[in-house]
Asker: 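One structure is given below, represented as structure tokens, and several questions about it will come after.
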Amino acid sequence: MRRVYLDNNATTPLAPEVFEAMKPYLLEDFGNASSIHWFGQQAKNAVEKARQQVAKLINARPGEVIFTSGGTESDNAAIFGIVQAARVEAPHVITTGIEHHAVLHTAQALEKKGVSVTYVTVGASGVVDPEDVKRAIRPETALISIMHANNEIGTVQPLEEIGTIARERDIYFHSDAVQAVGKIPVDVEKLGLDLLSLSAHKLNGPKGVGAMYIRRGTILKPLLYGGHHERDRRPGTENVPGIVGLGMAAELALTHLEENAQRVANLRDRLECGILERVAQVSVNGDPQRRLPNTSNLVLDYVEGEGFVIAMDLKGIACSTGAACSSGSVEPSHVLSAIGRTPEQARSSIRLSLGPYTAAEDIDATLEALPAVVERLRSLSPHWTKGKGLGAGG
Ligand code: PLP
């Protein structure tokens with residue numbers, strides 16, 4: 001059976017070039033980057049090369065890039081770090097209601113410690129209005145943290161405008177750019193960012209490694225305490241093979257950014273248009289223009305999302321729902337709720353996310369399998385009244 005992978009926002013396959021670059025650092029060049037002997041220096045040079053590769057991808061200086069264990073750690077370190085170092089007595093944070101849990105749960109943890117947090121809302125577009133961010137600013141606002149691209153619906157936020165606002169008011173500006181880096185151009189100078197989070201496994205690099213951009217002069221407390229690694233910003237023996245992999249993934253992403261984005265967008269559009277043509281009562285979640293080139297999130301009225309994912313998997317096609325499972329019950333996704341979808345619509349939403357290795361044949365196979373899967377699942381729905389044009393939840 002041909003296996004089709006359309007879940008690249010969850011994770012991506014390792015690029016063969018990345019694997020080749022990592023191999024020596026898993027075998028013969030195994031040194032600790034802090035050691036002064038030859039083995040250590042091999043490792044250190046590799047880490048510094050990766051730092052340059054990552055810096056180049058986001059237009060930062062190498063000294064402003066710190067390696068971490070991934071997106072989650074970078075988000076935690078940025079948010080806790082800024083708030084804990086804030087000079088005001090009762091700091092205030094601005095974020096959005098559509099952030100990844102790595103940001104949302106961090107903000108909620110801060111609230112429990114007495115920090116006040118404003119969650120800026122988004123409309124049906126899934127795009128933040130910079131004016132809402134401006135209105136939320138208080139004298140004690142220490143940080144604005146707004147994701148670059150949403151992991152569920154792919155919408156891209158107006159960071160440049162928000163960066164200008166943050167700069168004018170002298171407020172630190174962080175972005176969880178885990179889903180944007182490697183897919184669309186990310187330039188920390190143009191966007192006016194002070195901090196940014198990225199993760200290797202979302203750009204055909206290895207899992208368990210990421211990076212954090214920290215603008216020179218930014219004052220933040222470290223999340224972890226230990227040795228003097230990473231300019232005292234993040235202690236712990238460097239994950240040299242992982243860091244080398246991230247560096248190579250960053251270089252590859254930068255080299256092929258435009259061509260990959262164009263090719264993937266064409267495939268995504270063919271997939272989405274093909275579904276809309278073949279299946280009735282389907283709608284797109286979020287602004288169809290302002291979104292990542294690889295992501296399509298659709299409401300398939302009267303189709304139970306989990307059932308859809310399982311049925312597609314049986315046909316060899318991997319995708320995901322817009323809903324996260326928690327303790328046996330399917331909670332509607334906070335992102336889909338935030339854009340105004342009903343719980344029924346959220347539970348009928350699916351996410352198809354492509355990557356540089358998605359082939360035209362993968363799209364053909366998906367378009368071939370999907371209509372029958374939808375039809376079968378709808379026939380099982382007591383609410384499905386074919387041809388009557390009822391919206392989900394009716
Ligand atoms: N932020 C966003 C937007 C993500 O999509 C993810 C991963 O799903 C993360 C953060 C967490 O990254 P990691 O898996 O590297 O911890």
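One-based numbering, in listed order, for ligands and for the atoms of each. Nothing fancy with the numbering, it's 1 onward along the sequence.
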Asker: I need the nearest protein heavy-atom contact for atom 10 (C) of ligand 1: residue, atom name and distance, please.
Answerer: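 Checking every protein heavy atom, the shortest distance to atom 10 (C) of ligand 1 gives Asp176 OD2, 3.4 Å.
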
Asker: Among all the protein's non-hydrogen atoms, which is closest to atom 13 (P) of ligand 1, and how far away is it?
Answerer: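 Nearest protein contact, heavy atoms only, for atom 13 (P) of ligand 1 is Gly71 N, 3.5 Å.
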
Asker: Determine the sole option in Asn297, Asn150, Asn294 for which the side-chain hydrogen bond (donor to acceptor under 3.5 Å, both in side chains) test with Asn9 is passed.
Answerer: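 Between Asn9 and the candidates, side-chain hydrogen bond (donor to acceptor under 3.5 Å, both in side chains) is satisfied uniquely by Asn294.
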
Asker: Below 4.0 angstrom from a heavy atom of His201, which ligand 1 atoms are there? Numbered from 1 as shown, please.
Answerer: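 Matching atoms, with element in brackets: 13 (P), 14 (O), 15 (O).
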
Asker: Starting from the C-alpha separation in whole Å, work towards a yes-or-no answer on side chain to side chain donor-acceptor pair (under 3.5 Å) for Glu161 and Thr164.
Answerer: CA-CA 5 Å; Glu161 289 90 324; Thr164 306; over 6 Å; no

Asker: Name the residue from Arg215, Arg216, Arg167 that meets the salt bridge (Lys or Arg N to Asp or Glu O under 4.0 Å) definition with Glu189.
Answerer: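 So the option named by the test is Arg215.
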
Asker: So Asn204 and Leu252, do their side chains get closer than 4.5 Å, heavy atoms only?
Answerer: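 SC-SC contact between Leu252 and Asn204 ruled out.
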
Asker: Side chain, backbone, both or neither: which applies to Val178 and ligand 1 if a contact is any heavy-atom pair less than 4.0 Å apart?
Answerer: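 Just the side chain.
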
Asker: Can you tell me which residue among Asp129, Val128, Val133 is in a side-chain contact (heavy atoms from CB on, under 4.5 Å) with Glu131?
Answerer: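 Result: among Asp129, Val128, Val133, Asp129 is the only option passing the side-chain contact (heavy atoms from CB on, under 4.5 Å) with Glu131.
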
Asker: For Gln157 and Gly126, indicate whether the former's side chain and the latter's backbone hold a donor-acceptor pair under 3.5 Å.
Answerer: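 Present.
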
Asker: Measure Asp75 to ligand 1 on non-hydrogen atoms and call it side chain, backbone, both or neither using the 4.0 Å cut-off.
Answerer: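 The answer is the side chain of Asp75.
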
Asker: State the atoms of ligand 1, each with its element, that fall below the 4.0 Å cut-off from a heavy-atom position in Gly70.
Answerer: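 Those qualifying, in numeric order: 15 (O).
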
Asker: For ligand 1, which is the ligand I care about here, please tell me if Asn9 has any N or O atom under 3.5 Å from one of the ligand's N or O atoms.
Answerer: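 The answer is no, given that Asn9 and ligand 1 share no N or O pair closer than 3.5 Å.
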
Asker: In ligand 1, which numbered atoms sit nearer than 4.0 Å to a non-hydrogen atom of Asn151?
Answerer: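 Contacts of ligand 1 toward Asn151, numbered from 1: 3 (C), 5 (O).
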
Asker: Just to confirm my output: which protein heavy-atom neighbour is closest to atom 15 (O) of ligand 1, and how far is it?
Answerer: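 The protein heavy atom lying closest is Ser199 OG, 2.6 Å.
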
Asker: Give a yes/no on ligand 1: does Lys207 have at least one heavy atom closer than 4.0 angstrom to it?
Answerer: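 Lys207: no contact with ligand 1 (<4.0 Å).
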
Asker: What's the shortest distance from atom 16 (O) of ligand 1 to any protein heavy atom, and which residue and atom give it?
Answerer: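 Of the protein heavy atoms, Thr72 OG1, 2.6 Å lies nearest.
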
Asker: Under a 3.5 Å cutoff, is there a donor and acceptor pairing between the side chains of Arg268 and Thr358?
Answerer: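 No - no donor-acceptor pair under 3.5 Å links their side chains.
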
Asker: Give me the nearest non-hydrogen protein atom to atom 7 (C) of ligand 1 as residue plus atom name, then the distance to 0.1 Å.
Answerer: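 For atom 7 (C) of ligand 1, the nearest protein heavy atom is Lys202 NZ, 2.8 Å.
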
